[in-house]
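Here's the structure we're looking at; comments come further down.
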Amino acid sequence: MGDYEDFVRGQLPRLLRYATMLTGEREQAADLVQDVLVKLYGRWRRISDLDYRERYVLRMVTNGYLSWRRSTAARLVAVGEVPDEVRGDDFASEHAAREDMWQRLAGLPRRQRTVLVLRYYEQFDDAEIAELLGCARATVRAHAHRALTTLRNGLAVERMAEVRES
Amino acid sequence: MDIEKLIAETFRAHEHEAPDGDAVLAAARERVDRRRFVRSRPLLVAAAAAVLTVVAVVVVGADRSVRQADQTAARGSEAAAPQVVQDLKMPFSLGWLPQGSAAYSLERMAAVPAPEDPSLPLFGGEYQLTVTTGGQKLYVGVQELKMSPPEGAVFKSGPGRAVTVAGRRGVESANPGGEHGYELYLAHPDRGSLYVHVSGNVAPARLVEVGRRIAENVRFPGSATVTPTFGLHDLPPDRRICGFGVQPPSDHVPKPITEYNLGTCTDARDIVVQTRFEQPLGTAGRLVLGRATREVSVDGYHTLWVLDAVDDTSIAIAGHVPMTELYDIADRLVLPS
């Protein structure tokens with residue numbers, strides 16, 4: 001099983017980053033990937049010679065996240081109308097904007113967040129995401145659309161509140 | 001604003017929060033790595049089947065029970081004697097194999113605790129064997145996958161299709177004619193799946209027929225036993241055998257391998273006891289059963305080597321426990337006379 005070790009060592013940094021993007025938390029990411037490594041060991045005999053084993057393991061992490069039993073953070077409920085445009089420089093800083101977005105991403109349903117991670121972090125196209133998630137491309141687009149709408153609405157609502165307060 | 005750009009930047013900005021790989025790998029190792037076998041891919045391992053002595057069996061009927069009953073009866077007198085290497089009971093039996101000479105290349109049982117419920121093992125029993133008839137070879141793997149329902153099956157050979165075998169739902173490979181052969185995930189009577197993999201130089205339809213029939217005839221819990229090269233007796237109250245494995249010699253393994261995992265079977269911290277071929281370093285320890293020993297300790301992980309314990313092969317006893325506990329286990333070894 002030396003090839004298992006080699007494979008895991010080669011894939012581990014990427015898997016941990018990916019898991020961090022999915023879970024949003026270092027500890028959960030570590031637990032998730034650890035679980036996957038345990039399962040991978042049991043299946044290694046069957047997948048060691050697969051051409052797409054990297055993708056296979058990525059799918060294991062994805063499925064592990066989607067079936068994760070731990071409770072998710074409270075979800076953001078977006079209300080209100082969307083202004084025509086929200087300017088990024090309205091935020092105090094880019095850093096603050098990213099931290100705000102990080103919190104909003106944490107509030108998305110897992111499947112929506114997964115689609116966003118795969119699309120905007122892993123740079124997968126919708127066909128690849130569909131294959132990884134085992135769903136239709138239209139479903140991927142629907143998840144992405146809902147997620148982006150939620151995030152845009154949330155930003156818009158907050159922006160309107162700031163305008164009212166000022 | 002470009003929200004998609006912001007999302008991408010947000011993800012990249014948090015890359016540095018990823019956990020340390022070494023720590024995660026070490027934790028995973030604690031759970032599985034110490035039950036590793038020096039094994040190659042099953043189809044290659046099977047080529048060494050001719051040298052098997054422990055588990056080789058000739059199957060002469062096309063539809064009959066396999067060796068378990070005979071083996072159990074033949075070994076009954078041995079099991080009753082103390083200080084004799086005891087046979088180990090497998091979690092399930094193969095009730096049918098195709099006609100031919102069957103040689104087992106791996107038999108093991110692993111009870112890896114599930115993270116969400118440690119009382120539920122993730123894996124179970126596993127067999128790897130080759131059945132030879134004339135110039136035809138069938139490579140067979142049968143494994144319990146307690147963590148994976150059939151719906152979660154992923155096939156080497158492409159998409160799967162739903163199937164019902166012996167009244168149980170399952171998913172089988174839709175393309176058994178490919179290089180990866182036939183795979184079947186059948187609902188396990190307990191939970192998860194029973195995985196059957198059959199490949200070889202026969203027609204795809206034959207692979208399907210054999211795979212389904214093997215799955216149909218698997219018996220839970222069955223009566224199959226395996227014979228290790230060494231044993232253990234009178235384990236401490238807080239230790240029991242959570243997993244074991246027996247692997248015959250092959251091109252990649254010079255001598256038989258036997259391995260035990262000892263623990264509570266509800267957590268990942270265990271002691272592994274296994275035959276090892278390398279020459280250990282470390283410092284000399286006290287004699288165990290008249291054999292010289294070596295002690296090795298790395299970052300709290302201790303290994304006690306009992307040299308020349310089985311046919312000039314050492315036994316390594318290792319774990320994140322004090323060396324005194326390893327000696328305690330070593331004193332309970334049952335070595336062949």
Side-chain angles (χ1 to χ4, degrees), chain A residues 1-5 8-9 12-13 15-21 24-27 29-31 33-43 45-50 56 59-60 63 69 85-90 94-95 97-102 105 116-117 119-121 123 148 151-152 155, chain B residues 1-33 35-43 45 106 110 112-116 122-123 126 128 141 143 145-148 152 154-156 179-180 183 195 197 268:
Chain A
M1 296 290 277
D3 51 347
Y4 168 84
E5 288 269 351
V8 167
R9 285 191 177 281
L12 199 49
L15 294 178
L16 288 169
R17 287 195 297 269
Y18 176 58
T20 301
M21 298 309 133
E25 294 182 14
R26 183 193 304 256
E27 292 304 317
D31 290 348
V33 173
Q34 185 192 134
D35 288 350
V36 167
L37 296 186
V38 172
K39 292 177 182 176
L40 179 66
Y41 178 81
R43 302 177 188 180
R45 179 176 61 81
R46 292 176 288 117
I47 71 164
S48 59
D49 57 348
L50 292 181
Y56 182 98
R59 178 185 291 180
M60 289 179 71
N63 290 340
R69 290 190 176 188
E85 186 175 5
V86 179
R87 290 162 45 202
D89 56 6
D90 285 340
E94 291 182 356
H95 174 77
R98 288 195 295 267
E99 291 310 301
D100 178 74
M101 177 55 70
W102 186 246
L105 287 165
L116 295 191
V117 171
R119 185 188 265 190
Y120 300 113
Y121 181 71
Q123 302 290 310
L148 293 174
L151 294 172
R152 285 193 179 101
L155 290 173
Chain B
M1 69 178 296
D2 186 346
I3 193 169
E4 293 173 298
K5 181 170 178 284
L6 176 59
I7 292 169
E9 290 176 351
T10 298
F11 285 136
R12 284 197 296 273
H14 286 81
E15 280 184 332
H16 69 281
E17 295 179 9
D20 175 63
D22 288 341
V24 172
L25 186 56
R29 270 191 184 140
E30 282 209 17
R31 293 168 59 182
V32 299
D33 193 45
R35 57 177 51 85
R36 288 188 307 176
F37 288 88
V38 186
R39 58 178 175 158
S40 63
R41 290 186 300 174
L43 305 191
V45 170
L106 175 66
V112 179
E116 65 272 19
L122 291 178
F123 302 111
E126 179 180 9
Q128 294 177 23
Q143 183 179 13
L145 299 172
K146 299 288 186 68
M147 86 297 282
S148 303
V154 175
F155 293 93
K156 295 177 179 179
E179 62 174 318
H180 297 299
E183 297 171 280
Y195 172 72
H197 180 210

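All heavy atoms count here, side chains included; hydrogens, waters and symmetry mates do not. Note on naming: letters A, B, ... go to the chains in the order of the sequence lines (proteins, then strands), and numbering restarts at 1 for each one.
Residues forming a side chain to side chain contact (heavy atoms under 4.5 Å, CB included) with A8(B) (at least two apart in sequence, or on another chain): Y120(A), R12(B). For E15(B), there are no salt bridge (charged side-chain N to carboxylate O under 4.0 Å, His left out) partners at least two apart in sequence or on another chain.
A pairwise comparison of heavy atoms in R98(A) and T10(B) identifies O-CG2, 3.3 Å as the closest pair. Pairing each heavy atom of L16(A) with each of P19(B), the nearest pair is CD1-O, 3.4 Å. For the pair T20(A) and A18(B), the tightest heavy-atom approach, listed with the atom from each and the gap, is OG1-CA, 3.2 Å. When all heavy atoms are compared, the tightest approach of E4(B) to L148(A) is OE2-CD1, 4.0 Å. Of all the heavy atoms in R9(A) and D22(B), the pair that sits closest is NH1-OD1, 3.9 Å. The two residues V24(B) and A30(A) make their nearest non-hydrogen contact at CG2-CB, 3.7 Å.
Contacts between L12(A) and chain B at a heavy-atom distance below 4.5 Å involve the side chain alone, from C-beta outward. Heavy atoms of V117(A) lying under 4.5 Å from chain B belong to its backbone as well as its side chain.
To the nearest 0.5 Å, atom CD of residue E25(A) and atom NE2 of residue H14(B) are 11.5 Å apart. Atoms CG and CD1, on L151(A) and I3(B) in that order, are 5.0 Å from each other to the nearest 0.5 Å. For the atom pair CD of E17(B) and CD of E27(A), the computed distance is 11.5 Å after rounding to the nearest 0.5 Å. Atom-to-atom distance recorded for I7(B):CD1 and M21(A):CE is 13.5 Å, nearest 0.5 angstrom.
Classification of the F11(B)-Y121(A) ring pair by plane angle, with boundaries at 30° and 60°, yields perpendicular.
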